[in-house]
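Each remark here refers to the structure printed beneath this line.
Numbers restart at 1 for each chain; the letters A, B, ... are given by sequence-line order, proteins then strands.
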Amino acid sequence: MEETRTFADFGIHADIVAALEAHKITHPFPIQAMTLPVALDGHDIIGQAKTGTGKTLGFGIPILQRVTSPTDDGFATLEGAGKPQALAVAPTRELAVQVAQDLTRAAAGRGIRILTVYGGRAYEPQIDALNAGIEVVVGTPGRLIDLAEKGHLSLAHCRIAVLDEADEMLDLGFLPDVEKLLNMTPAGRQTMLFSATMPGAVVALARSYMTQPTHIRAISEDDSGQTVAAVEQFVFRAHAMDKVEMLARIMQARGRGLSIVFTRTKRTAAKVADELADRGFAAAAIHGDLGQGAREQALRAFRNGKVDILVATDVAARGIDVEAVTHVVNFQCPEDEKTYLHRIGRTGRAGATGVAVTFVDWDDLHRWVQINKALDLGIPDPEETYSSSPHLFSQLDIPEGTTGSLPRSSRTRAGLGAEHVEDIEGKPAGRPKGGLGNQAGRGQRKTGNRSASGGANKGESAPRAAKPRTERTTTTDGKVRRRRRRGGAANSSKTAAES
DNA sequence: AAAAAAC
């Protein structure tokens with residue numbers, strides 16, 4: 001049985017096996033088991049597997065296995081020694097950093113030098129590291145090209161090139177840069193493309209950059225959908241002005257764990273983070289208008305659990321792996337079904353369960369209809385969602401007395417902002433087990449458990465917004481600071497206009 | 001009325 005094979009059974013270097021074991025990674029996930037033999041033989045691969053199922057190591061282990069380390073025999077005589085032998089490109093800086101960290105962890109003891117090259121940071125450290133010599137470079141396109149054109153980075157000895165989130169990298173916005181980078185690498189290189197989403201047109205385009213690629217899809221037989229079954233999906237019809245209140249209630253009811261709130265614009269991300277902070281939640285924003293330092297600080301605070309709500313644009317939609325994320329809220333509908341899949345895939349990773357909630361207002365509606373159709377999610381006709389709908393409080397399982405009430409205006413006008421909730425996996429409507437406030441359960445983890453996610457009883461954790469003495473505020477540059485509480489209840493009935 | 005990615 002494939003599932004019972006260990007990494008050592010695949011002939012992986014003992015140092016890598018040991019490094020993986022140190023992180024409780026002993027058995028390959030399906031996408032890894034399927035790609036390893038092909039990738040280790042040097043073949044080109046188009047690898048597709050659902051979010052959170054181990055794609056990074058699917059290409060990371062072959063890279064580390066195939067690269068010649070300074071500690072290996074023959075390195076001294078290697079042509080282009082010290083110049084990158086492998087290149088991995090990602091669509092966002094934070095993802096590039098994360099991929100490099102994952103590779104670095106797996107490379108421990110192997111002596112391989114891994115460098116992250118990305119924008120928004122000083123040139124000197126990156127240039128210095130390149131001059132000192134590296135074996136693997138991970139980065140974002142702009143800075144990679146920049147350093148290459150300035151002569152600091154040579155890709156002439158990259159025998160391996162990987163596009164992470166490949167469909168995004170081959171999309172219009174990235175394609176020219178990606179093409180430029182690939183053209184800097186040698187013709188005979190091994191090319192590997194990975195993503196959870198691989199439209200047929202992208203596969204066709206991808207083939208023009210590859211040599212007889214093997215298309216590998218790790219998808220279980222009993223499962224035709226693209227969403228991760230462990231992510232329980234909800235949809236709320238909402239008025240724009242009620243969204244913040246709805247979000248606050250979900251955040252209060254959700255139990256312990258981390259949440260990512262996605263918006264479609266940078267401005268809304270900043271605003272929602274502010275609104276949550278005003279209500280006493282520990283929230284931080286991350287989006288492209290922030291300085292790189294603020295971006296990474298926000299993500300770091302989130303990973304630490306110092307901030308338990310990350311309000312993000314789609315900069316955080318792809319690849320970002322934070323184990324303790326139990327809830328994803330689409331405050332605004334994503335642009336397309338691919339983005340929807342990637343966003344909700346920030347939870348339910350590596351065997352864990354998660355909850356995804358999508359708010360749909362008039363502005364979102366055409367996007368939602370499109371997503372629902374493309375993914376065949378089985379949501380009833382949108383018109384149906386306007387009629388008879390369960391009460392928001394019962395849907396959110398929040399005792400009314402503890403949370404205050406919604407503004408009278410929305411109650412009388414629209415029967416409470418959220419008019420409908422549907423379990424889109426086809427189970428009976430109403431509250432499924434646990435519901436929105438459920439502490440998402442953890443499956444068998446491949447990595448060590450975070451203490452933050454352990455030991456929480458379902459729905460028992462106190463609401464974060466319960467009248468703290470001080471409250472956190474997220475400023476527009478992403479910094480989180482403490483300040484004296486303003487007067488007034490933590491749960492005001494204040495709503496925010498979308499604008 | 002999108003985001004992201006170099007300076």
What pairs of residues pass the side-chain hydrogen bond (donor to acceptor under 3.5 Å, both in side chains) test when at least one of them lies in residues 127-142 of chain A, not counting sequence neighbours? R113(A)-E135(A)

To the side chain of D146(A), which of dA3(B), dA2(B), dA6(B) is closest? dA6(B)

Think T140(A) has a side-chain N or O under 4.0 angstrom from the OP1 or OP2 of dA6(B)? yes

Could you tell me whether G173(A) contacts a base, only the sugar-phosphate backbone, or nothing, with contacts defined as non-hydrogen atoms closer than 4.0 Å? base

Would you kindly give the CD-to-C1' distance between E94(A) and dA5(B), to the nearest whole Å? 11 Å

Test side-chain contact (heavy atoms from CB on, under 4.5 Å) applied to Q190(A) and R66(A), R159(A), M210(A), the passing residue: R66(A)

Determine: side-chain N/O of K266(A) to OP1/OP2 of dA4(B), distance under 4.0 Å, yes or no. yes

Residue E149(A), side-chain heavy atoms: nucleotide from dA6(B), dA4(B), dA2(B) that is nearest: dA6(B)

Looking only at dA4(B), dA5(B), dA2(B), the nucleotide nearest the T265(A) side chain is dA2(B)

Base, sugar-phosphate alone, or nothing: which one does F174(A) contact when heavy atoms must sit under 4.0 Å apart? base

OP1 or OP2 of dA5(B) sitting under 4.0 Å from any side-chain N/O of R295(A)? yes

Hey, is the side chain of T313(A) poking within less than 4.0 Å of OP1 or OP2 on dA4(B), counting only N and O atoms? yes

Which atom pairs, one a donor and one an acceptor, fall under 3.5 Å between side chains of residues 168-180 of chain A and the rest of the protein, sequence neighbours left out?
residue, atom, partner, partner atom, Å
E179(A), OE1, Y209(A), OH, 3.2

Is there a side-chain contact between E323(A) and R349(A) in this structure, where contact means two heavy atoms from C-beta onward sitting under 4.5 Å apart? no

Please determine, for the side chain of R93(A), which listed nucleotide (dA6(B), dA2(B), dA4(B)) has the closest atom? dA6(B)

